[in-house]
Amino acid sequence: MMKLKAYEELNPPNVLLLGGGPSNIDPRVMAVLSSPIVGHLDPYFLEIMDDTIELLRYTFKTNNNITLPISGTGSAGMQTAISNIVEGGDEVVVLVNGYFGERIKDMVYRCGGKPIVIAADWGKTIKKEAFEEVLENSNAQVVALVHTETSTGVLQPLRDIVRIAHLHDSLLIVDAVTSLGGCELDVDALGIDVCFSASQKCLSCPPGLAPITVSERAMAKIRNRKTKVQSWYFDLSLIEEYWVNRNRVYHHTAPISLIYAIRESLRFLYGEGLEKRWLTHKRNSLALIRGVEALGLKMNAEEGYRAPSINAISIPDEINDENIRKSLRENFNISISAGLGVLKGKIWRVGLMGVNSSERNVLLFLEAFERVLNKEGYPSKPNQGVSAAMDVFKSF
Ligand SMILES: *Cc1c(COP(=O)(O)O)cnc(C)c1O
């Protein structure tokens with residue numbers, strides 16, 4: 001007989017989550033998580049679903065009919081996009097300059113597609129010339145890429161990529177997991193066909209939902225598939241029967257509390273204004289960057305191509321990656337992320353996402369960061385970081 005063990009009451013530490021995600025939950029969103037749940041076909045919930053759809057259309061800047069939250073994390077959004085759009089034998093051009101581009105490639109392959117990879121070094125963008133050449137020499141009708149590559153801190157410019165893709169009659173799938181709500185993104189004006197995100201990055205919700213929006217052009221490809229979508233759970237033609245069509249046919253039980261949460265978070269974003277949120281992220285990121293540079297460190301991504309929601313700092317040779325992260329967590333209750341894949345040990349990733357993108361957090365981080373660097377033997381003139389950041393706040 002197994003000896004009964006006394007399990008302690010759940011008591012997680014309250015950590016400032018300045019990493020690649022999840023980010024901290026907006027306290028106002030946290031509050032609705034304890035609201036009573038209703039049935040997934042309850043008239044009250046149907047109204048909440050409608051609000052959520054409208055607010056997501058606002059946030060994606062789209063009129064797409066198919067705009068809804070997928071049940072699952074960001075990767076579920078990716079899986080939905082790829083498994084619905086890609087059929088066996090389809091050539092899919094995938095732009096790979098980081099960890100999440102690799103994940104898209106793997107999903108294309110697993111869905112029976114043939115990924116044609118255009119690669120760049122992790123930390124660099126994909127140039128339009130390389131893209132043009134590949135599209136001219138392939139039959140690919142689908143292009144997939146990451147907008148904000150969370151693994152490198154790079155923001156991939158979309159305008160030329162979309163233009164070239166459309167010139168070749170290709171559908172465009174964009175991973176906006178760390179972009180939505182955190183940086184300029186206009187799905188309809190750009191002409192993106194499929195765009196997905198996640199609740200726990202710039203939307204300051206718990207992990208578990210992946211907002212997605214799909215154009216009519218993309219839905220036409222899905223409706224004309226010769227084979228069924230392999231995944232029953234992520235089949236958009238089934239999901240739309242519940243989420244979008246008025247007959248509201250049960251597909252799977254909606255995660256009620258999470259829908260409450262995202263509806264509240266989007267309601268606050270709407271109240272504040274999307275463009276204002278973009279500007280806040282930009283300003284705070286710039287302040288952080290100037291502060292880091294004043295400490296004598298360098299950013300991983302090139303100026304002009306830096307994502308405002310995720311700031312990748314190059315680690316100086318003489319400094320131990322892990323000691324810094326450990327010390328920030330132990331002494332200041334701040335969690336930042338390590339590098340992934342080839343950038344492991346080479347960068348730290350500091351996320352400023354959603355409500356976490358604040359003046360207070362920038363200053364707090366810079367102050368703490370300077371102290372732990374000093375402790376590891378990295379010298380700095382006191383307060384250079386904080387005062388450089390303050391200059392940005394004053395000028396913006
Ligand atoms: C976080 C992230 C994902 C994966 O999302 P999960 O919620 O971890 O499944 C995909 N793409 C990008 C760019 C991300 O930052």
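In listed order, ligands and their atoms are each counted from 1. None of the values given here were measured: they were computed from a predicted structure. Counting begins at 1 with the first residue of the sequence.
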Distance-only side-chain donor-acceptor flag, Asn374 / Ser380, under 3.5 Å: yes
Atom indices of ligand 1 within 4.0 angstrom of Ser75 heavy atoms, with elements: 4 (C), 5 (O), 6 (P), 9 (O)
Atom CD of Glu367: over 12 foreign heavy atoms under 6.0 Å: yes
Check: Asn323/Ser327 side-chain N/O donor and acceptor closer than 3.5 Å: no
Flag for Ser357-Asn284: side-chain donor and acceptor within less than 3.5 Å: yes
Distance-only side-chain donor-acceptor flag, Thr62 / Asp188, under 3.5 Å: yes
Atoms in ligand 1 flagged as close to Gly74, the criterion being non-hydrogen separation under 4.0 Å: 5 (O), 6 (P), 7 (O), 9 (O)
Heavy-atom nearest neighbour in the protein, as seen from atom 15 (O) of ligand 1, with distance rounded to 0.1 Å: Thr150 OG1, 2.4 Å
Thr178: numbered ligand 1 atoms lying under 4.0 Å from its heavy atoms: 14 (C), 15 (O)
Polar contact flag for Thr73 and ligand 1 (N/O pairs, less than 3.5 Å): yes
Protein heavy-atom partner closest to atom 7 (O) of ligand 1 - residue, atom, separation in Å: Gln200 NE2, 2.7 Å
Single-linkage hydrophobic cluster Ile310~Leu18, side-chain heavy atoms < 4.5 angstrom: no
Atom indices of ligand 1 within 4.0 angstrom of Thr148 heavy atoms, with elements: 13 (C)
